[in-house]
Amino acid sequence: MNKKNMLERRQEKIMFSSNVYSYIDVLNKASDASWLREQTLANNLSNVNTPGYKRKDVDFQGVLRRELGNMKFETLDTKVENADLGRLKASTYVDAANYSYRIDKNNVDVDTENVELASEKLRYDALTDSMTQEFSRLRTAMQK
C-alpha cells in the first residue's frame with residue numbers, strides 16, 4: 001500500500017471513529033420530533049368539532065434543552081458530541097392548561113393551531129436544510 005492510500009485510510013478511520021455525525025444525529029432527532037408535532041397539530045385541527053376533545057402537543061425543545069443544558073461550561077460542539085441520543089425523545093401530551101371556553105369542552109383554537117402548524121413547518125424545513133448542509137460539508141471534506 002502506498003503512502004497516499006495509507007494517508008487516505010487513516011483520514012477515513014479518524015473521521016469515522018470521531019463523532020462527525022453528532023450534529024446530523026441531533027438534527028435528525030429534532031426533525032423527527034418536528035414531523036411528529038406537525039402530525040399532532042394536524043390531528044388537533046381535524047378534531048376541532050369533536051366534543052370534549054383536548055388538544056395535544058409535542059415536547060422536544062424542553063428535552064433537548066435539558067440534555068444540552070446538563071453540560072454547563074462546555075462548548076456546543078462538546079455538548080452535541082456527548083449528548084445521549086437515547087434521551088432525545090419527543091413526547092406527546094394532552095394540553096390541559098389550554099382551557100376550553102366552549103360549551104362542548106373542546107379546547108382546540110383553529111387560529112392558534114394554524115399559526116403553530118405554519119411555525120412548525122418552517123422549523124422542519126430549517127432542520128432538513130441544516131442536515132443537507134452538514135452532508136454537503138462532509139462530502140466536500142471527503143473529496144479533498
Side-chain angles (χ1 to χ4, degrees), residues 5-144:
N5 287 346
M6 286 176 46
L7 180 60
E8 287 174 359
R9 286 187 51 101
R10 184 167 182 258
Q11 287 173 339
E12 286 176 7
K13 185 177 179 184
I14 290 169
M15 190 171 105
F16 290 112
S17 67
S18 69
N19 292 323
V20 295
Y21 294 109
S22 297
Y23 276 102
I24 293 171
D25 291 339
V26 171
L27 289 169
N28 187 42
K29 289 282 192 176
S31 65
D32 287 347
S34 182
W35 179 85
L36 177 62
R37 186 160 191 251
E38 281 186 46
Q39 298 303 309
T40 303
L41 294 170
N43 187 53
N44 289 343
L45 285 168
S46 68
N47 283 289
V48 70
N49 292 320
T50 303
Y53 181 82
K54 301 297 180 202
R55 76 177 297 275
K56 295 179 178 73
D57 208 341
V58 174
D59 178 38
F60 181 75
Q61 290 178 345
V63 172
L64 183 62
R65 191 176 305 116
R66 281 189 299 278
E67 181 61 25
L68 296 182
N70 287 337
M71 300 172 261
K72 292 184 179 183
F73 310 113
E74 293 183 19
T75 65
L76 182 60
D77 289 341
T78 303
K79 288 179 180 185
V80 168
E81 187 174 313
N82 294 325
D84 182 358
L85 295 176
R87 289 185 183 167
L88 295 179
K89 292 182 181 171
S91 59
T92 304
Y93 64 93
V94 176
D95 187 1
N98 191 4
Y99 297 107
S100 174
Y101 297 102
R102 293 172 36 177
I103 294 172
D104 67 358
K105 304 293 186 205
N106 182 313
N107 68 348
V108 176
D109 179 350
V110 174
D111 294 332
T112 301
E113 297 300 315
N114 280 321
V115 168
E116 291 294 326
L117 190 58
S119 173
E120 201 58 46
K121 176 68 173 136
L122 291 172
R123 180 177 293 117
Y124 182 80
D125 289 346
L127 288 165
T128 54
D129 285 348
S130 294
M131 286 195 310
T132 301
Q133 290 172 9
E134 286 293 321
F135 280 120
S136 292
R137 282 191 276 277
L138 285 172
R139 190 176 320 118
T140 300
M142 286 185 216
Q143 291 173 352
K144 291 185 177 186

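Annotation: the span from Met131 atom CE to Ile24 atom CD1 amounts to 8.5 Å, rounded to 0.5 Å. Atom CG of residue Leu41 and atom OG1 of residue Thr112 lie 10.5 Å apart, to the nearest 0.5 angstrom. In this structure, Ser91 OG and Asp59 CG are separated by 5.0 Å, a value rounded to the nearest 0.5 Å. Taking OH of Tyr93 as the start and CG of Asp95 as the end, the distance is 5.5 Å to the nearest 0.5 Å. Atom CD of Glu81 and atom OG1 of Thr75 lie 8.5 Å apart (nearest 0.5 Å). Atom CG of residue Asn47 and atom CD of residue Glu113 lie 10.5 Å apart, to the nearest 0.5 angstrom.
The closest donor-acceptor contact from the side chain of Lys79 to the backbone of Glu67 lies at 3.5 Å or more, if one exists at all. The closest donor-acceptor contact from the side chain of Asn43 to the backbone of Gln39 lies at 3.5 Å or more, if one exists at all. With Thr78 contributing its side chain and Glu74 its backbone, the two residues share no donor-acceptor pair below 3.5 Å. The backbone N or O of Lys56 lies less than 3.5 Å from a partner atom in the side chain of Asn44, making a donor-acceptor pair. When atom types are taken as modelled, the side chain of Thr132 and the backbone of Thr128 share a donor-acceptor pair closer than 3.5 angstrom.
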Checklist line | Test log, rule side-chain contact (heavy atoms from CB on, under 4.5 Å), inputs Asn114 and Leu45 | finding: CA-CA 8 Å; Asn114 280 321; Leu45 285 168; 3.4 Å; yes

Checklist line | side-chain contact (heavy atoms from CB on, under 4.5 Å) between Leu122 and Ser119, worked out | finding: CA-CA 5 Å; Leu122 291 172; Ser119 173; 5.7 Å; no

Checklist line | Candidate pair Leu85 and Val26, rule side-chain contact (heavy atoms from CB on, under 4.5 Å), full reasoning | finding: CA-CA 7 Å; Leu85 295 176; Val26 171; 4.1 Å; yes

Margin query: Between Tyr124 and Ser31, does the side-chain contact (heavy atoms from CB on, under 4.5 Å) criterion hold? Intermediate values first, please.
Written below: CA-CA 6 Å; Tyr124 182 80; Ser31 65; 4.1 Å; yes

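For the pair Phe60/Leu36, no side-chain contact is recorded, criterion being any heavy-atom separation below 4.5 Å from C-beta on. Within the 4.5 Å cutoff, the side chain of Val63 has no heavy atoms near those of the Lys89 side chain.
Side-chain contact, Tyr53 with Asn107: no donor N or O sits under 3.5 Å from an acceptor N or O.
Residues Leu138 and Tyr21 come closest through the heavy atom pair CD1-CE2, 3.4 Å. When all heavy atoms of Asn106 and Thr50 are compared, the closest pair comes out as ND2-O, 2.8 Å. Smallest separation of non-hydrogen atoms from Val58 and Ala33: CG1-O, 4.2 Å. The heavy-atom pair separating Ala42 from Leu117 by the smallest distance is N-CD1, 4.5 Å.
By the salt bridge (charged side-chain N to carboxylate O under 4.0 Å, His left out) test, Lys121 pairs with Asp125, sequence neighbours left out. Partners of Glu120 under the salt bridge (charged side-chain N to carboxylate O under 4.0 Å, His left out) rule, at least two apart in sequence or in another chain, are Arg37, Arg123.
Residue Gln61 qualifies as open at atom CD: its count of foreign heavy atoms under 6.0 Å is 12 or below.
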